[in-house]
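Keep in mind the model is a prediction, meaning the values are calculated, not measured. Residue numbers start at 1 and run along the sequence shown.
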Amino acid sequence: MSADPYAVGHDEIELPHASMRDYVIGFVLSVILTAVPFWLVMERPFSEGATAAIIMAFAAVQIVVHMIFFLHMSPKAEGGWSITSLTFTIIVVVIMLAGSLWVMHHLNTNMMPPHDVSQLP
């Protein structure tokens, strides 16, 4: 044992334990959450706005799946700080997605209309 009271031994560190089952579940969910938006874009069963909203929702869910199944974030891990960081990440992602869509919408709205070549002298 070391004289340093802040030193932590290997036996005292709380590491998340993941099984092969957890990785397989995470992988399958990730594939589904990627395949569905791909299908939506290729087949266009909904309007453009609805498709964009659905893809954003799938992207947010996929981020959460990755954080839980691959980064092993849970209420028990690291005294709950990982859940706090997950909540912060979700807030930041929502702000980024909403801001990006707002900027793209206004860029599209404020673009100059295409020139009509038939009106040229």
Side-chain angles (χ1 to χ4, degrees):
M1 193 93 189
S2 71
D4 186 5
Y6 299 107
V8 177
H10 292 288
D11 296 335
E12 298 172 16
I13 297 175
E14 180 185 333
L15 295 175
H17 299 286
S19 64
M20 182 62 115
R21 177 181 172 269
D22 292 335
Y23 287 117
V24 169
I25 290 171
F27 176 73
V28 169
L29 287 173
S30 296
V31 168
I32 291 169
L33 292 169
T34 301
V36 171
F38 182 79
W39 176 80
L40 288 172
V41 170
M42 295 304 291
E43 296 298 322
R44 300 177 189 252
F46 304 113
S47 69
E48 290 179 11
T51 301
I54 293 169
I55 290 173
M56 283 188 352
F58 272 80
V61 171
Q62 190 168 38
I63 290 170
V64 173
V65 165
H66 283 247
M67 294 179 99
I68 291 171
F69 287 100
F70 299 120
L71 297 177
H72 312 297
M73 291 186 167
S74 69
K76 298 175 188 173
E78 299 178 16
W81 282 106
S82 60
I83 292 299
T84 303
S85 66
L86 174 64
T87 304
F88 176 73
T89 302
I90 290 171
I91 291 169
V92 169
V93 166
V94 167
I95 291 170
M96 287 175 30
L97 289 174
S100 296
L101 288 175
W102 179 71
V103 167
M104 288 188 284
H105 170 72
H106 284 281
L107 283 174
N108 186 39
T109 303
N110 296 323
M111 292 294 292
M112 292 177 49
H115 296 289
D116 187 7
V117 180
S118 64
Q119 294 180 356
L120 292 176

- Task: Please step through side chain to side chain contact (heavy atoms under 4.5 Å, CB included) for the pair Met20 and Val24, ending with a clear verdict.
- Result: CA-CA 6 Å; Met20 182 62 115; Val24 169; 4.2 Å; yes
- Are the side chains of Val93 and Met96 in touch, meaning some heavy atoms are under 4.5 Å apart? no
May I have the list of side-chain donor-acceptor pairs in residues 47-66 shorter than 3.5 Å, sequence neighbours left out?
unit_1	atom_1	unit_2	atom_2	d
Ser47	OG	Ala50	N	3.3
Thr51	OG1	Ser47	O	2.9
Gln62	NE2	Ser30	O	3.0
Gln62	NE2	Thr34	OG1	3.0
His66	NE2	Ser30	OG	3.2

- Message: Rounded at 0.5 Å granularity, tell me how far CD1 in Ile90 sits from CD1 in Ile95.
- Response: 12.0 Å
- Can you tell me how far CZ of Arg21 sits from CZ of Phe69, rounded to the nearest 0.5 angstrom? 8.0 Å
- Item | Heavy-atom pair of closest approach, residues Phe70 and Phe27 | CZ-N, 3.6 Å
- Task: May I ask whether Phe38 and Leu40 are part of the same hydrophobic cluster, defined by side-chain heavy atoms of I, L, V, M, F, W, Y residues being less than 4.5 angstrom apart, directly or through others?
- Result: no
- Item | Euclidean distance, Met111 CE relative to Leu107 CG, rounded to 0.5 Å | 7.5 Å
- Message: Donor-acceptor check, side chain of Asn110 to backbone of His106, threshold 3.5 angstrom: yes or no?
- Response: yes
- Hphob cluster co-occupancy, Tyr23 + Val28, side-chain heavy atoms under 4.5 angstrom: no
